[in-house]
Amino acid sequence: MAVNNYEHVWHNGKFITWREATVHVSTHALHYASSLFEGIRCYDTPHGPAIFRLKEHTDRLVNSAKIYRMELPYTREQLAQAMVELVRLNNVKHCYLRPLAFRGEGEMGVNPLKNPIEVYILAWAWGKYLGDEALRNGVDVCVSSWQRFAPNTLPAMAKAASNYMNSQLIKMEAITNGYTEGISLDTNGYVSEGSGENIFVVRDGRIYTPPMSASVLPGITRDSVVTLALEMGYALSEQNIPRELLYIANEVFFTGTAAEITPIRSVDRIVVGKGKPGPVTHALQDRFLQIVQGRAEDKYGWLTLCNLPVAAAR
Ligand SMILES: Cc1ncc(COP(=O)(O)O)c(C=O)c1O
């Protein structure tokens, strides 16, 4: 997917242009993957552009930095404010926001501690991540031969660029074999997540999702879906999911900022349920989209309106 980028970029407290947003080849992150990021959607709502769960995404970036001993030179408030201002300056109705913090140019070698920390925020237009039909009809996926990294190897709770080398192996294998996406298992053989999405399974009226101990990213859409599912009266368990439950489930779906709530219609060519999005997936997808698109009351305060003065934007 080519980047349909927006002109203005935030860099270390200043606005620059997309073309100016470049780095030197000796940048530490390019050699040693010392880079952390976030992915956030800003939705077009009747009240103007609104960023979804800005606080939680900013908190996750700060947590990723803490895990990697990276002292961000900006506060949570400054980063959140920068994203609101970036949306305004680019004058867009909706976009995808990509804050990125990495170790820059300076020393060479594995020790990253002396390299400067660079923070950028990019904005671009991102449509339906898994394809235009995906949200409506579902996607065909496989279980990957690549496992998710083991606990105490790479921290799954950090959204770090290094984790996405594992995701890339999963994604490339899936695409090469004719699937849209791959699901990784954890090192105990339980279901973990997609290459860029968390996963939910519905069986006999109960919703299941893997726990944090299954090497999953603590997804913010995952958390939103758990909140909505409980609000809507569904029984939900965070528990280890054996691979075969995917094959005999009534419904399976992915969640993620890019993928939103994407139904899964087959796993390893075994049809899930009736081979089309089921009622629970539908109900959650509807409720989620109504809230993020500003068509239902924002009762959890998940939207930050960008048209308001910054101090009042929430
Ligand atoms: C590996 C992985 N898991 C899960 C998710 C879903 O997280 P979120 O809902 O916060 O976007 C993402 C996307 O960010 C991801 O890359």
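Positions are given from 1 along the sequence. All ligand and atom numbering here is 1-based and tracks the order in the structure.
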> Short list, please: which atoms of ligand 1 are under 4.0 Å from a heavy atom of G219?
Replying inline: 7 (O), 8 (P), 9 (O), 10 (O)

> Using 4.0 Å as the upper bound for N to carboxylate O, is an ion pair formed by E193 and R222?
Replying inline: no

>> Looking at every non-hydrogen atom in both residues, tell me the closest pair between N250 and D204 and how far apart they are.
In response: OD1-N, 2.7 Å

> So, do D268 and C142 sit near enough that their side-chain heavy atoms are less than 4.5 Å apart?
Replying inline: yes

> Which of the numbered atoms in ligand 1 are below 4.0 angstrom from a heavy atom of K159?
Replying inline: 13 (C), 14 (O), 16 (O)

> Under the salt bridge (charged side-chain N to carboxylate O under 4.0 Å, His left out) criterion, do K171 and E181 qualify, and how do the steps go?
Replying inline: CA-CA 6 Å; K171 186 80 178 179; E181 183 56 290; 3.5 Å; yes

> Counting each atom of ligand 1 from 1 as listed, which ones have a heavy atom of G256 under 4.0 Å away?
Replying inline: 6 (C), 9 (O), 11 (O)

>> Quick check: I220 and ligand 1, any N/O pair under 3.5 Å apart?
In response: yes

> Considering only heavy atoms of Y164, which atoms of ligand 1 have at least one such atom less than 4.0 Å away?
Replying inline: 1 (C), 2 (C), 15 (C), 16 (O)

>> If we check side-chain hydrogen bond (donor to acceptor under 3.5 Å, both in side chains) with R53, which of these qualifies: T304, D223, D59, T257?
In response: D223

>> Heavy-atom pairs closer than 4.0 Å: do any link ligand 1 to the side chain of L217, the backbone, both, or neither?
In response: side chain

> Hey, is E197 touching ligand 1 through its side chain, its backbone, both or neither, going by heavy atoms under 4.0 Å?
Replying inline: backbone

> Are any of the N/O atoms in T255 less than 3.5 Å from those in ligand 1?
Replying inline: no

> So which bit of S195 gets within less than 4.0 Å of ligand 1, heavy atoms only: side chain, backbone, both or neither?
Replying inline: backbone

> Among protein heavy atoms, which sits nearest to atom 9 (O) of ligand 1, and what does the distance come to when rounded to 0.1 Å?
Replying inline: T221 OG1, 2.5 Å

> Hey, are E133 and K128 close enough for a salt bridge, meaning a charged N less than 4.0 Å from a carboxylate O?
Replying inline: no

>> For atom 6 (C) of ligand 1, what is the closest protein heavy atom, and at what distance to 0.1 Å?
In response: N198 OD1, 3.6 Å

> Nearest protein heavy atom to atom 11 (O) of ligand 1, by residue and atom, and its distance?
Replying inline: T257 OG1, 2.6 Å

> What residue and atom, counting heavy atoms only, is the protein's closest point to atom 3 (N) of ligand 1, and at what distance?
Replying inline: E193 OE1, 2.8 Å

> Considering all heavy atoms of both residues, which atom of P99 and which atom of L61 are nearest to each other, and what is their separation?
Replying inline: CB-CD2, 4.1 Å

>> Tell me the closest heavy-atom pair linking S162 and A33, and the distance in Å.
In response: CB-CB, 4.0 Å

> What residue and atom, counting heavy atoms only, is the protein's closest point to atom 12 (C) of ligand 1, and at what distance?
Replying inline: G196 O, 3.2 Å

>> For Y190, does the six-membered ring have the charged nitrogen or CZ of R148 within the cation-pi criterion, i.e. under 6.0 angstrom from the centroid and within 45° of the normal?
In response: no

>> Ring centres under 6.0 Å, that's the criterion: do F102 and Y120 meet it?
In response: yes

> Does ligand 1 have an atom under 4.0 Å from some heavy atom of R60?
Replying inline: yes

